[in-house]
Amino acid sequence: MKPRTRPRTTVAIISTLLSAAVALAGVLVFSPTSSAATNLISNGTFETGTLSGWSCSSGTGAAVSGSAHTGTWALQGSPTSGDNARCSQSVSVKPSSTYTLSAWVKGSNVYLGADGGTSTWSTNDSWNQLTTTFTTSSSATTVTVYLHGWYGLPAYQADDVVLDGPGGTAPPPDTTPPTTPGGLTVGSPTSSSLALTWSASSDANGVDHYDVVRGTGAAQSVGSVTSWTATGLSPSTTYSFKVRACDAAGNCSAYGASASGTTSSGPTDPPPGGGTLPKHVLTGYWQNFDNGATVQRIRDVQANYDLIAVAFADTDPSKPGGITFTLDPTLSSRLGGYTAADFKADIAAKHQAGKRVILSVGGQNGTISVTNATAAANFASSALGILREYGFDGVDIDLENGVNAQYMGQALRSLQSSFGSGLIITMAPQTIDMQATSFEYFKLALNIKDILTIVNVQYYNSGAMNGCNGQVYSQGSVDFITAQACIMLQNGLRPDQVGLGLPASSRAAGSGYVSPTIVDNALDCLARGTNCGSFKPSTTWPSLRGAMTWSTNWDALNGNGFSSTVGSHVHSLP
């Protein structure tokens, strides 16, 4: 049947009447754009033909014509191997207010976000809109919004940037730096670390962060703390440090007097929790929910898995930073009964078999946020209660919506202090989170290196990424895995703290699945220098910890191909 259509004469009459109404009223009726959103962004369409209002790092940004989303002009950022082409703008806002930030972007790995707020990204070479929402703090008067690409990748473009929300009154510019921090001491030496402490600086608007310089190296921001541990050092070596304070306006004090310390002799000891695990480990996530994969009890998890990460803990809505955990009731119905007592007994049985079981925090949809001292204390206390109740051996940090290195580090140290030296701490950052030591996840790993067990990076759902040799690799190959892993191996983490995370089947992830043979080849390349692709690292790391997969359930549905092939290979590493 053909669709019904309005007779042509009727259409003409209605069109004439509408035109007359518009002419009489002097307004545009039925316009879909008559109530456009408030936009606090200056030059968000770039139709000035300039970057007026924007600041781009190292001259990496430009206004370009001919390919805009709307109008004539758009922003183009051109990353280099050492710069992600960040373009930002500071906007006056009101405290405790909600804002929606959006932009149209195209290109590989384009990011949109607000400092201190949320961020989002895409890898689409066609125009697509990114949107994120955030709420300002109770003392906020300005917020910095930004766009950036990724190191070594092609140029990106952005257009029609909008920040919708109540406008604020710009405070007078702050040009006064904080006072210079003093009292720097360097002590508590281990064979690979030195602990630094210093006195707090004062600033009318508060200290935003401290910069620490080791020797003649680059400054490293360590947050607003007055103590920090330098890791990745060599035994029996003297290091000097100096510290300065910076505020949110970018004003920095002079560096205080330098201080030196000497690391102890001997090899680097493995982390305390690592002693409860084999030299090489296969980690598998166990799903506390039913999403189409094989539903398992803990006792059903394949024997090749040395470490089982129970996914996931939930947010405690009554306690910022706090977590809770209960068994998903759908498991009981699918399994013909599975109680908390059964679950605990299964964990105890895995212990008897020499396995370890930890609780994973976060996941793709997790909203747990640890961004201040109160949240850190709540995380540590609630996690400790759950670990003791169920018999978990540690925690896994899988916060895919962002992590605060300072306060999550504080929470994990507090948890380890209460639980004991046997606490296992693992992390499962996304590929992009470990591209540079300045990123929060990488900072967290280095800050807790002395108590950290394994970092299993998710080498999937990634798109193209920059490798440790400066070359760009697409996911799904030996080269992608090895060139990503060596970023961690060359930048401060020990080999026994590095694992390779891959999906157990093509259904387990949106992209990035590789056959178990590719995983085995990547392990061989890094540990033995064999079975490499076109990229072969200049050294080998025989003590590489192993591999991880999402998930034991998807592995079971796929005939246990991952645990059978990769598991046996992990256990055969030197």
Side-chain angles (χ1 to χ4, degrees), residues 277-285 302 304-307 426 428-432 434-435 454-491 493-552 554-556 558-574:
L277 289 167
K279 180 179 180 181
H280 300 294
V281 174
L282 181 67
T283 301
Y285 283 83
Q302 302 87 319
N304 266 326
Y305 289 103
D306 307 291
L307 182 61
T426 67
Q430 299 174 98
T431 312
I432 194 159
M434 302 299 285
Q435 284 269 292
I454 313 173
V455 179
N456 291 302
V457 178
Q458 302 175 40
Y459 293 131
Y460 50 95
N461 295 337
S462 302
M465 290 285 165
N466 212 34
C468 63
N469 60 347
Q471 300 298 310
V472 177
Y473 295 97
S474 296
Q475 66 180 2
S477 67
V478 171
D479 285 339
F480 179 84
I481 299 169
T482 55
Q484 297 302 315
C486 77
I487 295 175
M488 293 187 292
L489 293 162
Q490 292 178 352
N491 285 278
L493 291 182
R494 300 190 312 272
D496 66 273
Q497 292 176 312
V498 175
L500 314 180
L502 283 309
S505 74
S506 58
R507 294 181 60 187
S511 64
Y513 171 73
V514 297
S515 71
T517 301
I518 296 296
V519 183
D520 289 349
N521 289 345
L523 291 167
D524 285 341
C525 180
L526 294 167
R528 297 184 171 106
T530 61
N531 293 326
C532 297
S534 61
F535 168 68
K536 184 175 183 178
S538 58
T539 188
T540 58
W541 298 275
S543 58
L544 186 79
R545 202 56 185 263
M548 170 275 282
T549 196
W550 176 267
S551 62
T552 66
W554 286 114
D555 187 25
N558 201 39
N560 298 323
F562 194 96
S563 55
S564 298
T565 302
V566 179
S568 59
H569 204 77
V570 163
H571 298 140
S572 71
L573 291 174

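Computed from a predicted structure; not experimentally measured.
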Do Trp554 and Thr549 come within less than 4.5 Å of each other through their side chains, counting heavy atoms only?
no

With Leu526, the side chain to side chain contact (heavy atoms under 4.5 Å, CB included) member among Thr540, Val478, Leu489:
Leu489

Minimum heavy-atom distance between Ile481 and Ala522, given as atom pair plus value:
CG2-CB, 3.7 Å

Heavy-atom side-chain contact between Val457 and Pro429 under 4.5 Å:
yes

Just to verify, which of Leu523, Ile518, Leu500, Asp555 counts as forming a side chain to side chain contact (heavy atoms under 4.5 Å, CB included) with Val566?
Leu523

Value rounded to 0.5 Å, distance of CZ in Phe562 from CH2 in Trp550:
13.5 Å

Are the side chain of Thr431 and the backbone of Gln458 linked by a donor-acceptor contact shorter than 3.5 Å?
yes

With a 4.5 Å limit on heavy-atom distance, are the side chains of Tyr305 and Thr552 in contact?
yes

What one should report as the nearest heavy-atom pair of Asn558 and Tyr513 is ND2-OH, 4.3 Å

Please check: side-chain N/O of Ser572 versus main-chain N/O of Val570, any donor-acceptor pairing under 3.5 Å?
no

Using atom types as modelled and distance alone, determine if a side-chain donor or acceptor of Asn491 lies under 3.5 Å from a backbone N or O of Ile487.
yes

To the nearest 0.5 Å, what is the distance between CG (Leu573) and CG (Asp524)?
7.0 Å

Would you say the side-chain atoms of Asn461 pair up with the backbone N or O of Gly510, donor to acceptor, closer than 3.5 Å?
yes

Hey, does Thr283 have a side-chain heavy atom less than 4.5 Å from the side chain of Thr426?
no

Minimal non-hydrogen separation, Tyr460 against Ala509, with atom names
CD1-CB, 3.6 Å

Answer yes or no: is there a donor N or O on one side and an acceptor on the other, between the side chain of Arg545 and the main chain of Pro495, under 3.5 Å?
no

Go through the steps to decide whether Gln475 and Ser511 satisfy the test side chain to side chain donor-acceptor pair (under 3.5 Å), and finish with yes or no.
CA-CA 8 Å; Gln475 66 180 2; Ser511 64; 2.6 Å; yes

Kindly indicate whether the side chain of Ser563, heavy atoms from C-beta on, has any atom under 4.5 Å from the side chain of Leu282.
yes

CG on Asn521 to OG1 on Thr530, rounded to 0.5 Å
8.0 Å

Give, for atom CG of Asp306 and atom NZ of Lys279, the distance between the pair rounded to the nearest 0.5 Å.
14.0 Å

Interatomic distance, CD@Gln302 vs OG@Ser564, rounded to 0.5 Å, equals 8.0 Å

Do Met465 and Gln435 have side chains that approach each other closer than 4.5 Å (heavy atoms only, starting at C-beta)?
yes

Is any side-chain heavy atom of Val514 closer than 4.5 Å to a side-chain heavy atom of Leu502?
yes

Main-chain N/O of Asn466 paired with Gln484 side-chain donor or acceptor, under 3.5 Å:
yes

Do you know the tightest heavy-atom contact between Gly463 and Phe480?
O-CE1, 3.6 Å

For residues Asn456 and Ala547, report the shortest heavy-atom separation together with the two atoms involved.
OD1-C, 4.3 Å

Verify, without hydrogens or angle tests, whether Lys536 (side chain) and Gly529 (backbone) share a donor-acceptor contact under 3.5 angstrom.
yes

Does any part of the side chain of Phe535, heavy atoms only, come nearer than 4.5 Å to the side chain of Gln471, both counted from C-beta?
no

Restricting to non-hydrogen atoms, name the atom on His571 and the atom on His280 that form the minimum distance, rounded to 0.1 Å.
CD2-O, 3.8 Å

